[in-house]
Each structure stands twice: as C-alpha cells, then as structure tokens.
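Just so we're on the same page: letters track the sequence lines, and every chain starts at 1.
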Amino acid sequence: MVFDFQEIEKYWKKKWSADLLYKVENTSDRPKYYVLDMFPYPSGAGLHVGHPLGYIASDIFSRYKRMTGFNVLHPMGFDAFGLPAEEYAIATGVHPAVSTRENISRYKEQLSNIGFCFDWSREVITCEPKYYKWTQWIFSLLFEHYYDLDQDKALPIKELTDKFSGGGSKAVNAFSSDAEDFSADEWNAKSAVQKSDILSSYRLAYRRIGYVNWCEGLGTVLANDQIKDGLSERGGYPVERRAMTQWYLRITAYAERLLAGLEQVDWPQSLIAMQTNWIGKSTGATVYFDIDGHDEKIEIFTTRPDTIFGVSFMVLAPEHPLVEKITTDCMKLKVDDYVSYSRTRSERDRLSDVKEVSGQFTGAYAVHPFNGQKVPVWIADYVLMDYGTGAIMAVPSDDDRDYAFATKFELPVVEIIDKSAYPDAQRQDKVGKLINSDFLNGLEVLDAIDTINAKIESSHLGKVRVNYRMRDANFSRQRYWGEPFPILFDSEGVPSVCTVDELPVKLPEVEDFKPTKDGQSPLSRVKEWVNEGDKTRETDTMPAVAGSSWYYLRYMDPGNDEAFASEQALDYWQNVDLYVGGAEHAVSHLLYSRFWHKFLKDLGYLKTEEPFKKLINQGMIQGVIEFVALVKDSDDSNVFYCANLMENKEGEYARIPVHIDFVSQYGSNDSYLDEKGIKSFLEWRPDYKSARFVTQQGKFEASDFMNGKASEVTLKTFSEVGKMSKRYYNVVNPDDVVAEYGADTFRLYEMFLGPIEQSKPWDTQGIEGVSKFIRKFWGLYHDEEKFMLSEDAAAKAELKVLHQCIKKVRDDIGNFSFNTAISAMMICVNELRKLNCNKKAVLEPLVRLIAPFAPFVSEELWKKLDNDSSVHIASYPHFEASYLVEDEIEYPVCVNGKKRFLKSFPNSMSKADLEKEVLTLEELTKWVEGKTILKTIVVPGRMINVVVK
RNA sequence: GCCAAAGUGGUGGAAUUGGUAGACACGCUGGACUCAAAAUCCAGUGCUGGCAACAGCGUGUGGGUUCGAGUCCCACCUUUGGUACCA
C-alpha cells in the first residue's frame with residue numbers, strides 16, 4: 001500500500017492543533033520536566049536546516065519523557081531584538097518591528113512543518129512590550145540592589161544607605177568597585193550627586209566610562225564582529241577605541257557563586273571549563289608603587305608577588321589615567337603617538353600579538369617598595385585597562401611577555417629564581433628557589449608567596465586579593481532596536497528608575513535608525529520622548545543578551561501582566577531540566593542567565609540556584625560556500641577563471657560567492673557551474689554582464705552563455721565549509737526537504753547524520769536510506785493493498801528482535817545518541833521483514849517505540865491499530881530482559897591480541913573452564929606451534945586472548 | 001595568541017568506555033524483475049598481494065604504556081567554535 005506522507009502530515013497537523021494535544025498545564029499529578037531549546041534569532045534568511053537539529057533532538061526527548069510519565073514543558077519563542085534587523089532598517093527604511101514580525105511568521109511556518117510538540121500558547125517574543133516590560137523591571141531591580149558580602153546576596157540599596165547614614169562606609173561589607181571611606185556624618189552631608197556617584201560603585205547596574213569600537217566613518221560603535229583588520233567591514237573605515245559612559249552590570253559580584261554553581265550542573269566538561277576560564281579566578285596581591293616626584297601611586301595586581309625583587313620596569317595600559325600625569329615633557333609627543341596608535345588596535349589584536357611587542361617609555365620612574373630602586377614606567381598595549389588594575393610590575397626573568405619586552409627595549413633582566421632543580425620548568429612555572437631577593441632568598445616559590453604576602457599586608461604596601469579575569473558586562477548600546485532603559489535623569493544628572501506601573505518604557509518611533517553624529521543612540525533625536533517632565537530619559541538601549549537572560553522563566557507563565565511569572569508557576573516548574581543549544585553560547589548567554597537567575601533567587605522570586613540543570617550542546621550544521629575565482633585584468637575588466645587553473649595561486653584572485661542553486665555537484669570537490677549555471681549566475685549578477693570566462697574548454701564572453709553559444713562548457717568552483725548564511729547564498733531551507741521526503745524522514749535524517757554534538761556540513765546524500773526505512777516500516781503493517789496484522793502470538797525470535805531494539809533505543813535516548821537509536825530501529829525493521837513478521841503483538845509496541853522520532857507515520861499507524869487517543873500520550877514500551885538470554889556465546893579467540901578465529905561456547909561455561917577449553921582447540925595449534933603459551937586471558941562474554949612467545 | 005572540541009573506508013558515521021575496527025546508511029559493482037526505465041529485491045564492497053585458501057597493512061603524524069590501544073600518556077599537524085557590541 002502506498003505511503004502518502006503529504007496526506008498524513010496534513011491530517012495530523014490539523015488534528016493535533018485542534019485537539020490542543022501539546023497544551024501544557026501548570027499543574028499535574030505527574031512529575032514535571034522542562035525541556036528548553038535556545039530560541040532562535042529570526043533572521044531574514046529564514047530557518048535553515050541547521051536550526052532544527054537541536055529542536056528535533058529536544059522534541060524526541062520531550063515526547064519520550066511524556067510517554068514515560070512526565071508533565072513536559074517544551075516551549076518555543078523568538079530572540080527578536082538584534083543588530084541585523086536594525087542594519088536592514090538603516091539600509092531599506094523598513095521598521096525593525098515590521099521585518100522582525102515577518103521573519104517570525106516565516107520561522108513559525110517553517111517550524112510547523114517539522115512536527116514539533118511545542119506548546120505555542122506559551123510563545124515568547126523578546127521585542128514585544130508585554131515581554132520587555134519585565135526585562136526592564138529586572139534591570140530596575142538590579143539598579144536598586146547591591147551585593148552584600150556578609151549575607152552573600154543582593155540587598156536593596158535602601159539598606160545600604162541606611163547603614164551609611166548610621167555608621168558610614170565602615171558599617172558595610174559590600175561588593176564595590178571603588179572603596180571610598182567616609183563617616184556617617186560625611187555621608188549625610190553629601191549632595192545628591194555625590195551620593196549617587198558613591199552608590200554607583202555599589203549598584204548591580206551602574207554607569208561608568210568604558211571603551212568601545214568607534215568608527216568615525218560610519219558614525220557608530222561597532223561589534224568586534226563588524227571589524228576586519230582594524231577597519232570596518234562595511235565601508236572599510238578606520239576604527240578606534242573610544243571612551244564613552246555606559247551602563248554596566250556588576251556580574252563580578254557573583255563571580256564566586258557563578259564558579260561554585262558549575263559544580264551543581266550536569267553540563268559538558270568542555271563548557272564548564274570554558275566558563276571557569278572565562279571567570280578566571282586568580283589569587284594574588286595588589287601592591288602600591290610610589291612614583292618619583294609625584295603624590296600618586298601606581299596600583300598593580302600580581303599573582304606572583306614572590307618575584308617582586310625581579311621587577312625591572314613597570315607597564316601601564318595606554319589608557320591608564322596616570323599616563324597623562326606622569327609623562328615627562330620630553331616624552332610627551334612619543335607617548336601621545338603611542339596612545340593614539342594603541343587606540344587603533346582591537347583588544348583581541350593586543351592580546352594575541354605575542355611575537356611583536358610594542359611600548360613607550362613615559363620618562364617617569366616608580367620606586368620599588370622594598371629596595372627603593374627606581375624602575376622606569378612604560379606604557380604598552382599588552383596591558384589592558386579593564387583587567388586587574390591596568391598596570392603591572394614587569395618581571396622579565398619569570399614572564400614571557402615581560403621578557404620579550406625587556407629584550408626588545410634593552411631593559412635589565414634580573415634572575416631571581418633558581419630553577420636548576422627543575423630542568424623541564426618553563427619561565428612562568430611556579431617552581432624553584434628564590435635568589436637575589438633579600439629576605440625571600442632560599443625559599444621555594446610557594447613559600448615565598450606566603451612570606452611576601454604577609455609582609456605586603458603588615459607593611460601596608462598592598463593587600464592580598466582575589467582577582468577575576470571576568471569583567472563587568474557592558475550593558476549599553478547606542479542603537480535603536482533594543483529595550484529602552486527604564487531610567488530617568490534629573491537636572492543634575494542623577495539617575496532613577498521607573499516604577500513598575502510606569503513600565504514598559506516603549507520604544508518610540510524614529511525616522512532615522514542611524515546613530516547621531518556624536519555616536520548617541522537614535523532615540524536621543526526624539527526630544528518629546530527624551531524629555532519626561534523635568535527629567536530626561538536614558539537614550540541607550542539594552543543589548544540582545546538582556547531579553548535572552550530570563551526568557552525561560554517567562555515560558556512558565558507567558559501571559560501574566562501582574563508579574564514576570566506567577567509564584568505558583570515558578571514554584572511548579574522551578575528551572576530547566578534539559579537545555580539544548582549551540583556551543584557558541586558557551587559563555588555570554590549562559591553566564592548572564594545564570595547571573596540573573598541567582599539575582600532573582602536572592603530577591604526571593606526563585607528557589608533554585610541554577611537555571612539549567614542539564615545541558616547538551618548541539619553541533620552546527622554548516623553550509624558549503626561555493627566561490628568562483630575572479631581576476632582583475634590590467635585594464636580592470638572582470639575575468640572568471642576555472643578553479644582548476646587557479647590552484648596554488650592563493651592571493652591572485654578574489655573569491656566571489658555563488659548561489660548554490662546554480663552549482664552542479666554542490667558541496668563536492670568537483671563542484672562546477674555548467675553552461676546553464678553560468679547563465680543563471682549572470683542573470684543574478686548583471687554587474688558581471690561583460691565579464692569573460694577562462695575555462696578548460698577555452699575562453700568565452702558572458703554573451704556566449706546568454707546566447708547559448710557555449711554549450712558543454714564548465715567552470716569549476718571552490719568549495720569551502722563555513723556558516724550557512726544569507727551572505728554566502730548557501731542557505732538550505734528545511735521546507736524543501738520536508739516537501740520532497742516528508743517531515744518524519746527529515747527528522748530522522750538530521751538525527752541519523754551523526755552524534756548530536758558534532759558539527760558537519762549539510763549534505764542530502766544518504767537521505768534515501770532513511771526514507772526507505774520509513775517505507776519499509778510502513779510496509780510491515782500492510783500487504784499489497786491494505787493494512788493487515790495477525791493476532792497470532794509472537795515467536796521467540798520476533799520478541800528477541802523487538803526487545804533488543806527497545807533496550808537499545810531506551811538506552812540511546814537517555815544518552816542523547818539518536819543516530820545509533822535510529823540504526824537500531826533500522827536493524828529491527830530489517831530483521832522483522834526477514835522473519836515475515838506481521839504480528840500485532842510485535843508491531844504494536846514498535847509503533848510506540850518509534851513515535852517520538854517519527855510522530856506522523858506512527859500516529860497514522862496507531863489509528864489504524866484501532867486506538868482513539870494519540871500515540872503521543874500512550875506509554876513507552878518496556879524492555880523485558882528474559883527475551884534476550886542466549887544459550888551460546890560466540891567468542892573471538894585472539895593470539896597475542898590479534899583475532900584469529902571464532903568459537904562458540906555455552907553461556908554457562910565458567911571462566912576457568914573456558915581457559916582450559918580454549919587451549920584444546922584444534923584451530924589454535926596453527927598459531928601456537930613451537931611457541932610457549934604464557935597465559936590465557938578470558939573476558940567473560942567478550943573475548944579470549946592466548947599469549948604466546 | 002589564549003580557551004574549548006573534532007580528525008576512523010569513496011561518503012555520513014558505529015565500536016557496550018582498554019577487549020572481534022568499519023555496525024547502520026549512502027555510493028559503487030554484479031545479478032533478478034522489466035520491451036525499457038524508475039521502484040523493488042538478492043549478492044559483493046577498508047587497502048595491498050593472490051584464481052583461491054589465506055597473508056600483510058590499517059583509526060591525522062611521530063613516540064610510549066599494555067597480553068591487548070580508535071579508546072590511556074607525551075609531542076606535533078589540520079579543521080571548527082568562542083575570545084566580552086553577531087545571536
């Protein structure tokens with residue numbers, strides 16, 4: 001009987017949605033299970049075949065959990081604020097809200113084709129006012145709280161100010177960026193502006209100066225992503241680091257808890273390692289160095305205070321505020337030059353350039369706190385203003401970069417650690433005995449650190465301190481398409497937050513989506529919005545990470561207008577049991593969500609410490625980018641060359657991406673454009689209408705292809721694995737695959753491609769095999785014309801095949817090994833076909849077994865099996881071990897670890913008997929003749945190894 | 001540069017975590033059915049040598065541990081992701 005997947009899918013899609021099959025309630029007598037996907041950014045290119053990879057995995061798991069007795073929450077929504085929609089608006093004038101809405105409806109339509117069990121009534125869209133109202137509300141709470149170190153949690157600012165007026169700064173043990181000391185009286189006498197300034201070093205959301213990538217040519221701040229080799233990707237204008245006042249979130253207050261929480265979660269080790277490294281906890285000391293002839297001191301942070309007698313120079317970040325003050329007149333020009341130069345360098349360049357060091361002497365000298373020697377103060381861009389204190393003591397003998405610097409600028413290198421006892425030790429290793437170091441001489445490094453730390457503290461030269469590599473998060477964007485801050489400034493510039501009934505602060509309409517000339521957000525042009533009574537609004541907007549930091553909570557109670565979610569809903573769902581998403585979010589999104597979750601817990605809204613209990617990284621499905629080689633002639637006309645003719649000529653041609661629809665043998669090494677392909681390319685890119693083509697068949701004009709005068713001509717293309725993206729014209733739409741093969745096949749195929757966490761380029765080779773499997777599966781239940789099953793009792797062999805499969809599939813789902821689960825199902829169907837099995841006793845459980853993977857075909861068969869309710873709420877088949885018991889086991893017999901022959905032994909035979917028995921085998925004599933048998937190794941049920949010499 | 005991951009047939013991948021390398025699938029080759037094609041079915045398919053039985057080699061490269069290594073250790077090479085304003 002024919003398998004008409006289109007009819008079946010159409011029927012069940014409608015039926016499921018009419019029956020509200022996937023609607024989930026916030027109460028149940030079943031245990032809860034929350035499965036979450038990282039929601040997509042709805043880009044203009046539409047959903048591509050890479051997106052559903054994780055969604056299919058989580059969908060299978062959700063269905064499996066539902067069939068094994070859980071109340072499963074499996075929602076979907078959209079991360080809808082973001083840069084691409086804004087850039088599209090700048091380019092075309094189309095409002096981001098409009099293009100975003102269109103993109104979302106396209107995404108939803110595409111998603112609906114794949115048979116996901118999302119509860120769409122819980123959809124969340126971050127750019128809608130009813131959602132971002134609560135994003136703004138959480139921000140306002142961050143503004144209104146500080147981190148109390150005694151209670152180890154966030155507390156209201158009111159408690160802080162109460163303590164200040166009662167006992168001054170001494171009354172408080174709080175996390176702050178700037179520890180100014182004052183008495184209660186001094187506090188009470190301060191002006192509103194002064195108080196606000198002090199409080200901003202305590203608030204969890206605060207303003208300070210930060211550095212951004214400013215592009216004068218485009219009049220805007222750029223993401224690192226938009227910069228290539230120090231120039232803007234669009235337009236190629238120079239980019240420099242510029243100081244701007246920005247909002248920040250004090251995530252560093254939570255550094256310790258973010259670190260500790262990693263021990264509670266079931267995440268991939270690699271991801272935990274990445275977050276641990278990102279937080280970058282280190283213990284060291286801050287030390288103050290006097291500056292010769294100045295009152296100011298240089299504060300440095302070092303993890304190697306033991307090396308202090310090896311200091312031969314100091315280095316400040318070029319942005320360091322002291323640079324201007326201490327630079328001597330005769331060095332001023334050179335220092336200014338260097339500071340401007342370093343502004344043109346991105347942070348990443350500054351950190352990754354280890355071969356080439358650069359710097360400039362300021363003319364000033366610092367005074368060594370222990371031996372009083374004068375050490376020169378340099379500036380260099382390998383020191384970053386945002387890390388530690390923005391200044392280091394340089395110890396060339398024990399630090400690679402300091403050493404490279406000292407070598408280049410001929411600064412002294414003082415040996416202070418004798419590593420002769422450790423011949424393999426590297427320069428930075430913390431081993432050896434101290435020399436040339438006064439009172440530290442003779443101590444091992446670790447002891448020396450303790451000794452010097454004690455000395456630093458007792459002589460008030462500095463403090464022992466824990467430092468984090470992680471920095472506070474810049475939370476300001478000078479852009480339009482993001483959440484407005486719920487912040488008002490009074491005439492003196494003191495910020496305050498809007499109350500909850502003033503929220504949401506809606507994004508105003510603007511005519512121009514570009515930032516202003518001086519880099520302000522486009523919102524600053526909307527004067528009637530900015531001026532609110534005698535106050536003015538903050539015109540920056542929040543970054544895209546804002547909305548995604550808490551969306552998983554909103555799914556629990558998405559319609560709530562009184563709260564971000566009701567207490568009951570939060571209490572019931574608690575946190576996410578399984579989170580599936582790409583490793584590209586390893587740090588930013590996952591770290592900020594954890595931070596917000598902990599903050600909301602401190603305020604009593606949540607009961608759990610961590611938002612995502614278990615996390616699975618899905619790999620990316622990459623695209624193959626097809627390029628043609630373009631060479632510019634001496635007279636500047638365009639000539640395309642066949643890729644074959646351009647091999648090993650890297651750099652002599654430009655790579656022009658071609659739409660993959662034009663390419664024959666797409667994705668293979670032999671991909672090419674045929675005559676038709678070149679014609680399509682020319683119609684698509686009319687700017688090349690006068691180009692010429694050099695192929696293996698000869699030289700041709702563009703017109704030859706348009707007029708059909710170049711038949712049989714082929715132009716090879718370059719193929720490169722990369723992102724699937726609109727800009728490379730290589731997006732493969734799942735709709736097309738679903739239309740051709742059906743949703744069940746598409747789902748199975750994506751899972752069958754390989755392990756879920758592995759990345760791989762998209763390739764439809766092999767989809768036939770999965771499609772064939774579905775048809776064979778369907779065929780088991782039908783004879784030539786109709787559905788036909790037998791009521792006979794199942795044979796032992798049939799039950800064995802079934803239960804082997806049940807065991808494997810259940811185990812594999814538990815391990816998220818879907819590709820092997822599908823293999824097992826293929827094997828099962830193949831075996832049952834061989835056995836000519838059409839017994840209901842076997843095939844009925846099989847439908848339930850396959851249902852989470854192929855929801856449409858199994859639902860159809862379930863109905864044919866005379867069931868009224870859905871297979872997706874039936875129970876999952878149980879595994880019965882007794883069906884798998886074997887009488888005999890076939891052992892591989894190895895000699896010296898190499899397999900030589902197979903031999904069956906009774907299952908019941910003991911290890912000792914096997915050892916004896918194997919030596920009597922005739923087959924063995926050939927391999928042991930003339931040799932001594934040393935021993936026999938038997939691994940019961942697995943293998944036998946005879947060791948000879 | 002730093003952090004993280006991955007390299008297994010012509011291709012996607014499997015291997016119970018130290019125990020038969022290549023399951024399952026694609027592709028390819030041959031055959032059946034057919035006027036023919038498609039679909040379907042059957043057989044073969046890591047490489048080298050051999051008519052064959054069989055033997056040798058084989059999991060990115062080079063070493064090491066072990067009765068036994070795709071799996072563990074050391075060094076290296078290549079690819080991918082992240083690197084704080086892409087999401």
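- Residue A/Phe752 is classed as a base contact, given a heavy-atom separation below 4.0 Å to a base.
- For B/C67, its base sits under 3.5 Å from the side chain of A/Asn945 at one donor and acceptor pair at least.
- Between A/Phe853 and A/Phe818, the ring-plane angle classifies as perpendicular under the 30° and 60° cut-offs.
- A/Ile827 comes within contact range of the sugar-phosphate backbone alone, with a heavy-atom separation under 4.0 Å but no base atom that close.
- A/Gln758 comes within 4.0 angstrom of the backbone, heavy atoms only, and of no base.
- Between A/Arg477 and B/C85 there is a side-chain N or O to OP1 or OP2 distance below 4.0 Å.
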Working note: A/Glu890 + A/Glu888, criterion side chain to side chain contact (heavy atoms under 4.5 Å, CB included); need CA distance, chi angles, decisive distance, verdict. CA-CA 7 Å; A/Glu890 193 174 51; A/Glu888 291 222 312; over 6 Å; no

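- Taking atom P in both B/A43 and B/C24, one finds a spacing of 12 Å when rounded to whole Å.
- As judged by a 4.0 angstrom heavy-atom cut-off over every strand, A/Gln246 is placed among the base-contacting residues.
- Residue A/Trp267 is out of contact with every strand shown, counting any heavy-atom pair closer than 4.0 Å.
- No close placement of the A/Tyr741 and A/Tyr749 rings is indicated, their centers lying 6.0 Å or farther apart.
- As judged by a 4.0 angstrom heavy-atom cut-off over every strand, A/Glu757 is placed among residues making no nucleic acid contact.
- Within the nucleic acid shown, A/Val893 has no heavy atom closer than 4.0 Å to any nucleic acid atom.
- A side-chain donor from one of A/Asp540 and A/Ser476 sits under 3.5 Å from a side-chain acceptor of the other.
- Under the Watson-Crick or G-U wobble criterion, with both distances below 3.5 Å, B/G1 is paired with B/U83.
- Nucleic acid contact for A/Ile944: none, since no nucleic acid atom lies under 4.0 Å from a heavy atom of the residue.
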